[in-house]
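Down below is the structure, laid out as structure tokens.
Bear in mind the structure is a predicted one, so any value in this text is a computation, not a measurement.
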Amino acid sequence: MGLRKTKLVSGEIYHVYNRGVDKRDIFIDSEDHLRFIHDLYEFNDKNPTINLALYLNPKNKLKEVGLPKIKRGPRERLVNILAYCLMPNHFHLMIQQKEENGITEFMRKIGTGYTNYFNKKYERNGVLFQGKFKSVHLEKDAHLLYLPIYIHFNPLDYGFKEWREGKIKNNKKALEFLDNYRWSSHMDYIGKKNFPSVIEKDFLLNNLGSEEKYKKEIIEWIKSFKDIYDENLPKNFILE
């Protein structure tokens, strides 16, 4: 895998992201999204992990992660996952490293496990992701506050691409769309139980405020996102 130019430091928070090789889609259907979210939970452990291929299939529509019927020892998390979003050809994670090399090990497990699943399902070979995962260190309080908003807003690309310029015409409709997009942590942050076992949301709620405050303020963030981004987030937070 090779060494990273900048060492990832335990206790620090990073924006981690990657996309499909040649910008190809890495999530084709709901089963793929569900598999990746299960991987976020299952591979976040210093202990050996279980082959989920035995459990994720069309006849087993799991609604929550954790797989309680499987006997396991206590989990020892490699990272704290604070926010995430899955898009057709890429993903975003906001994570805090708990153990030395925790992020690197976690992403190695994710990359290997999900690629094996995807290649077997779609009868393909070779790499799935575009090289090593990218990471950006959060250095300012503003990064901690606004990065999760940027991550949660990514699904607006589906029908509200003008959000990046702060020019959404129907804010209410855009918000309703976000509130029902299953493949990010936004639903859990507004109090709609989705995949709560994956994230450590209390950490961010200390900065974002309560669930109610988050819900009230997010409409204002939608209106003014461009100004917020230009003033508070570094350019390399965006996946071009």
Q) For the residue pair Asn154 and Cys85, what are the closest heavy atoms and their distance? A) CB-SG, 4.1 Å

Q: For residues Tyr214 and His186, determine if any side-chain heavy atom of one lies less than 4.5 Å from a side-chain heavy atom of the other.
A: yes

Q | Donor-acceptor pair, side chain of Asp188 and main chain of Phe195, under 3.5 angstrom | A | yes

Q: Would you indicate whether the side-chain heavy atoms of His92 and His90 approach each other to under 4.5 Å?
A: yes

Q) Considering only heavy atoms from C-beta outward, does the side chain of Met87 approach that of Tyr158 to under 4.5 Å? A) yes

Q) Are any of the side-chain heavy atoms of Arg77 and Glu200 separated by less than 4.5 Å? A) yes

Q) Do NZ/NE/NH1/NH2 and the carboxylate oxygens of Glu211 and Lys192 come within less than 4.0 Å? A) no

**Q.** Shared-cluster residues of Val127, by chain and number - hydrophobic side chains joined below 4.5 Å
**A.** Val21

Q: Look at Glu212 together with Lys215 and state whether they make a salt bridge at an N to O cut-off of under 4.0 Å.
A: yes

Q) Does any N or O in the side chain of Asn89 come within less than 3.5 Å of the main-chain N or O of Arg24, such that one atom is a donor and the other an acceptor? A) no

Q: Take Leu93 and Met107, measure what side-chain contact (heavy atoms from CB on, under 4.5 Å) needs, and give me the verdict at the end.
A: CA-CA 11 Å; Leu93 303 173; Met107 297 307 297; 3.9 Å; yes

Q | Centroid-centroid distance, Tyr114 to Tyr117, less than 6.0 Å | A | yes

Q | Lys172 side chain near Asn170 side chain, heavy-atom distance below 4.5 Å | A | yes

Q: Search all heavy atoms of Gly126 against all heavy atoms of Asn119 and return the closest pair with its distance.
A: O-ND2, 2.9 Å

Q | Atom pair CD/CD of Glu100 and Glu105 - distance to nearest 0.5 Å | A | 12.5 Å

(Q) What verdict does the side-chain contact (heavy atoms from CB on, under 4.5 Å) test give for Trp163 and Ile222, after you've listed the backbone C-alpha separation in whole Å, the side-chain angles of each residue and the deciding distance to 0.1 Å? (A) CA-CA 7 Å; Trp163 72 273; Ile222 287 179; 5.7 Å; no

Q: Measure from the side-chain N and O atoms of Asn18 to the backbone N and O of Gly131, and report whether any donor-acceptor pair falls under 3.5 Å.
A: yes

**Q.** ILVMFWY cluster, Met187 and Leu175 together (side-chain gap under 4.5 Å)
**A.** no

Q: Measure the OH-CG distance between Tyr122 and Asp32 for me, rounded to the nearest 0.5 Å.
A: 3.5 Å

Q | Sequence-distant partners of Lys161, side-chain hydrogen bond (donor to acceptor under 3.5 Å, both in side chains), two or more places apart | A | none

Q. For Asn47, does the CG atom have more than 12 heavy-atom neighbours from other residues, nucleotides or ligands under 6.0 Å away?
A. yes

Q: Work out which heavy atom in Phe106 is nearest to a heavy atom in Asp39; give both atom names and the distance.
A: CE1-O, 4.4 Å

Q: Nearest 0.5 Å please: distance from the CD1 atom of Ile26 over to the CG atom of Leu86.
A: 8.0 Å

Q) Is a side-chain donor or acceptor of His33 paired with a backbone partner of Asp29 at a separation under 3.5 angstrom? A) yes

Q.
For the aromatic rings, using the six-membered ring if either is Trp, is the centroid distance between Tyr146 and Tyr150 under 6.0 Å?
A. no

Q: Hey, could you give me the NE2/CD1 distance between His137 and Ile13, rounded to the nearest 0.5 Å?
A: 8.0 Å

Q | Phe91 and its ring-ring contact (aromatic ring centres under 6.0 Å, His included) partner, picked from Phe27, Trp183, Phe36, Tyr17 | A | Phe36

Q. Any donor-acceptor pair under 3.5 Å linking the side chain of Ser184 with the backbone of His152?
A. no

**Q.** Close side-chain approach of Phe160 to Asn171, heavy-atom, < 4.5 Å
**A.** no

Q. Any idea which heavy atoms bring Pro196 and Asn194 closest together, and the distance?
A. CD-C, 3.4 Å

Q) Under 3.5 Å, is there a donor-acceptor pair between the side chain of Asn44 and the main chain of Leu40? A) no

**Q.** Between CG on residue Leu156 and CG on residue Leu178, distance to nearest 0.5 Å
**A.** 4.0 Å

Q.
Taking the side chain as everything from C-beta on, heavy atoms only, tell me whether Phe43 gets closer than 4.5 Å to Arg108.
A. no

Q | Derivation of the side-chain contact (heavy atoms from CB on, under 4.5 Å) call for Leu138 and Glu12 | A | CA-CA 8 Å; Leu138 275 66; Glu12 295 298 298; over 6 Å; no

Q: Evaluate the side-chain contact (heavy atoms from CB on, under 4.5 Å) criterion for residues Asn80 and Phe203: first the C-alpha distance (whole Å), next the side-chain angles of each, then the deciding distance (0.1 Å), finally the verdict.
A: CA-CA 9 Å; Asn80 287 326; Phe203 181 94; over 6 Å; no

Q: Report yes or no: does Gln97 contribute a side-chain atom to a donor-acceptor pair with the main-chain N or O of Ile103 at less than 3.5 Å?
A: yes

Q) Within a strict 4.5 Å, meaning less than it, do heavy atoms of the Asp45 and Glu76 side chains meet? A) yes

**Q.** Value rounded to 0.5 Å, distance of CD1 in Ile95 from OH in Tyr14
**A.** 10.0 Å

Q. Do Arg75's NZ or CZ and the ring of Tyr41 fall within the cation-pi criteria of under 6.0 Å and 45°?
A. yes

Q) Does a salt bridge link Glu42 with Lys109, judged by any charged N lying under 4.0 Å from a carboxylate O? A) no

